[in-house]
Amino acid sequence: MRYLGFDLGTRTLGISISDETKTIATGLTTLRFNDSDYDSILDEIKNIVKEYRVEKIVLGLPKNMNNTLGERAETTLKFKEKLEEILDIEVVMQDERLSTVAAHNYLLEANLSRKKRKKVVDKMAANIILQTYLDIEKGR
């Protein structure tokens, strides 16, 4: 059984996956959809959950820097409810502040072109979200 990490954007969903021991996160894929049309990717998510025998999803919560919840966070919480309803598995929220910034920084350090960074940044942000959660869970 594994965990998935999600970084939800307005047109993309970055997805990462844990190993069987729930120690290491690895980028899996990025799903693309039309502006906020999250329903269009639900079947793909169901297939990934089934294929990898996922027991938990870690969804990035985009809090404001002052720790408040804005419009993006409210949208993300609604997406969480939808996932729990259709998948019947636990979805936990993980603070994702600056995860995309960190992903861009890693990719810049790796000297990737802007075009290549754009293709993988969401998957990398999902990886950071999931790895943060796994590290916290192992420390408990």
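For reference, positions follow the sequence shown, starting with 1.
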Should Leu8 and Arg72 count as side-chain neighbours, where that means a heavy-atom distance under 4.5 Å?
-> yes
When rounded to the nearest 0.5 Å, the distance separating CG of Leu130 from CG of Leu59 is 11.5 Å
Is it true that Glu84 and Lys80 have a side-chain N and a carboxylate O under 4.0 angstrom from each other? yes
Checklist entry - Do Ile86 and Ile45 come within less than 4.5 Å of each other through their side chains, counting heavy atoms only? => result no
### Query
Between Arg11 and Asp35, does at least one N-O distance fall below 4.0 Å, as a salt bridge requires?
yes
Interatomic distance, CG@Leu4 vs CG@Leu13, rounded to 0.5 Å, equals 9.5 Å
- Would you confirm whether Asp19, through its side chain, and Ile24, through its main-chain N or O, come within 3.5 Å as a donor-acceptor pair? yes
Taken to the nearest 0.5 Å, the spacing of Thr10 OG1 from Asp37 CG works out to 12.0 Å
Can you hop from Val91 to Leu28 via hydrophobic side chains spaced under 4.5 Å?
yes
### Query
Any side-chain heavy atom of Lys56 within less than 4.5 Å of one from Tyr133?
yes
Do the non-hydrogen side-chain atoms of Tyr3 and Val92 ever get within less than 4.5 Å of each other? no
query: Do the side chains of Leu61 and Ile129 get nearer than 4.5 Å, heavy atoms only?
result: no
Within the 4.5 Å heavy-atom criterion, are Val54 and Met1 side-chain neighbours or not? no
Handout entry: Greater than 12 external heavy atoms within 6.0 Å of Asn34's CG
Key = no
One should read off an interatomic distance between Thr23 OG1 and Gln131 CD, to the nearest 0.5 angstrom, of 8.5 Å
**OP:** Carefully, step by step, assess Ile48 and Ile17 under the rule side-chain contact (heavy atoms from CB on, under 4.5 Å).
**Re:** CA-CA 10 Å; Ile48 291 169; Ile17 190 161; 5.7 Å; no
### Query
Between Val58 and Val49, is there a shared hydrophobic cluster once you connect ILVMFWY residues whose side-chain heavy atoms come closer than 4.5 Å?
no
*For Glu20, does the CD atom have more than 12 heavy-atom neighbours from other residues, nucleotides or ligands under 6.0 Å away?*
yes
Exercise. Assess the side chains of Asp122 and Thr30: does a donor N or O sit below 3.5 Å from an acceptor N or O?
Key: no
Residues Ala126 and Gly14: closest non-hydrogen pair is CB-O, 3.2 Å
CD of Gln94 to CG of Leu134, rounded to nearest 0.5 Å, is 9.5 Å
Please lay out, stage by stage, how Leu87 and Lys46 fare under the test side-chain contact (heavy atoms from CB on, under 4.5 Å). CA-CA 7 Å; Leu87 299 174; Lys46 282 183 198 176; 3.6 Å; yes
CG (Asn127) and CD1 (Ile15) are apart, to the nearest 0.5 Å, by 12.5 Å
